[in-house]
Chemist: 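I am attaching a structure below and will ask some questions about it afterwards.
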Amino acid sequence: MIYLLLIISMIVIAGLSFYAGSLLFKLQSQKRQRENTTKLRIEKIVESIQTISLAIEQQQCNLSEGCIRLVHLLECLPVSNKSKVSDQYPAIYELFLAVEHLPTHEKRKAQSKKDTYQQDLFREEIEATLATKILNEVSLLTKFTIAH
């Protein structure tokens, strides 16, 4: 009778051990998959940052639109050791703050021509003031990388 209980308990322990092992394997697999997904996301964001920076540098994208896109991309990088965009790229961030509140798309179309004209003048003035600094920062971002 004791041998039967011992055998049954060993079978139960073996079954639980197998189950725990399979759960650990699934956990490791999910962790690897999450790391690969994060790595691919970082690579895509870095590529986008470099592409937008190059477009700004080659004057294929206006400064305001490019800075808005760059700030959003830099802020959404899923890395823990990143520095603040405002500290690392102050001119890009300054332009972003100056124009982020301006209406776009349908809201821009719905407003009066006078408002649109005044906003365009404001945007062009601030772009002209910050252009040299932004182009220097953008030049750095064309080679932007993240160490994994």
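We use all heavy atoms of the structure for the numbers below, so side chains are in, but hydrogens, waters and symmetry mates are not.
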Chemist: Taking atom NZ as the centre, does Lys143 end up with more than 12 heavy-atom neighbours from other residues, nucleotides or ligands that are less than 6.0 angstrom away?
Modeler: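 Yes, because the 6.0 Å sphere around NZ of Lys143 holds more than 12 heavy atoms from other groups.
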Chemist: Sorted by first residue and then second, give each side chain to side chain donor-acceptor pair (under 3.5 Å) pair with at least one member in residues 27-36; sequence neighbours left out.
Modeler: none
Chemist: To the nearest 0.5 Å, tell me how far Asn62 CG sits from Ile56 CD1.
Modeler: 8.5 Å
Chemist: Is there a side-chain contact between Glu43 and Glu47 in this structure, where contact means two heavy atoms from C-beta onward sitting under 4.5 Å apart?
Modeler: no
Chemist: Could you state the interatomic distance from CD (Glu137) to SG (Cys67), rounded to the nearest 0.5 Å?
Modeler: 8.0 Å
Chemist: Could you tabulate the donor-acceptor pairs under 3.5 Å formed by side-chain atoms of residues 127-135, not counting sequence neighbours?
Modeler:
{"unit_1": "Glu127", "atom_1": "OE2", "unit_2": "Ser64", "atom_2": "N", "d": "3.1"}
{"unit_1": "Glu127", "atom_1": "OE2", "unit_2": "Ser64", "atom_2": "OG", "d": "2.4"}
{"unit_1": "Glu127", "atom_1": "OE2", "unit_2": "Arg123", "atom_2": "NH1", "d": "3.3"}
{"unit_1": "Thr129", "atom_1": "OG1", "unit_2": "Glu125", "atom_2": "O", "d": "2.9"}

Chemist: Look at the side-chain heavy atoms of Ile, Leu, Val, Met, Phe, Trp and Tyr, link any pair under 4.5 Å apart, and say whether Leu63 and Leu140 land in one connected group.
Modeler: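 No, Leu63 and Leu140 fall in different hydrophobic clusters.
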Chemist: Only one of Val138, Leu73, Leu77 passes side chain to side chain contact (heavy atoms under 4.5 Å, CB included) with Phe144; say which it is.
Modeler: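 It is Leu77, the one option of Val138, Leu73, Leu77 that forms the side chain to side chain contact (heavy atoms under 4.5 Å, CB included) with Phe144.
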Chemist: Report, as yes or no, whether the 6.0 Å neighbourhood of atom CD on Gln58 holds more than 12 heavy atoms from other residues, nucleotides or ligands.
Modeler: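 Check passes, neighbour count above 12.
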Chemist: Rounded to the nearest 0.5 Å, how far does CD1 of Ile2 lie from CG of Leu6?
Modeler: 9.0 Å
Chemist: Between Val46 and Val71, is there shared hydrophobic-cluster membership here, with clusters defined by ILVMFWY side-chain heavy atoms closer than 4.5 Å?
Modeler: yes
Chemist: Quick one: list whatever passes side chain to side chain contact (heavy atoms under 4.5 Å, CB included) with Arg108, sequence neighbours left out.
Modeler: Gln111, Thr116, Gln119, Asp120
Chemist: Kindly compute the distance separating OG1 (Thr145) from CD1 (Ile42), expressed to the nearest 0.5 Å.
Modeler: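 Reported value, rounded in 0.5 Å steps: 11.5 Å.
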Chemist: Indicate every side-chain donor-acceptor pair of residues 13-27 with a distance under 3.5 Å to a residue at least two apart or in another chain.
Modeler:
{"unit_1": "Ser17", "atom_1": "OG", "unit_2": "Ile13", "atom_2": "O", "d": "2.8"}
{"unit_1": "Ser22", "atom_1": "OG", "unit_2": "Tyr19", "atom_2": "O", "d": "2.8"}

Chemist: Which pair of non-hydrogen atoms, one from Ser53 and one from Leu70, has the smallest distance, and what is that distance?
Modeler: OG-CD2, 3.7 Å
Chemist: Do Cys76 and Arg41 pass the side chain to side chain contact (heavy atoms under 4.5 Å, CB included) test, and can you show the C-alpha distance, the side-chain angles, and the key distance before you say yes or no?
Modeler: CA-CA 10 Å; Cys76 79; Arg41 183 166 183 243; 4.2 Å; yes
Chemist: Show me, pair by pair, the donor-acceptor contacts under 3.5 angstrom made by side chains of residues 86-102, not counting sequence neighbours?
Modeler:
{"unit_1": "Gln88", "atom_1": "OE1", "unit_2": "Ser83", "atom_2": "OG", "d": "2.7"}
{"unit_1": "His101", "atom_1": "ND1", "unit_2": "Ala98", "atom_2": "O", "d": "3.3"}

Chemist: Are Ile126 and Ile68 connected in the hydrophobic side-chain network, where two residues link if heavy atoms are under 4.5 Å apart?
Modeler: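 Both belong to a single hydrophobic cluster.
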Chemist: Please, which pairs that meet salt bridge (Lys or Arg N to Asp or Glu O under 4.0 Å) have at least one residue in residues 48-76, sequence neighbours excluded?
Modeler: Glu65-Arg69
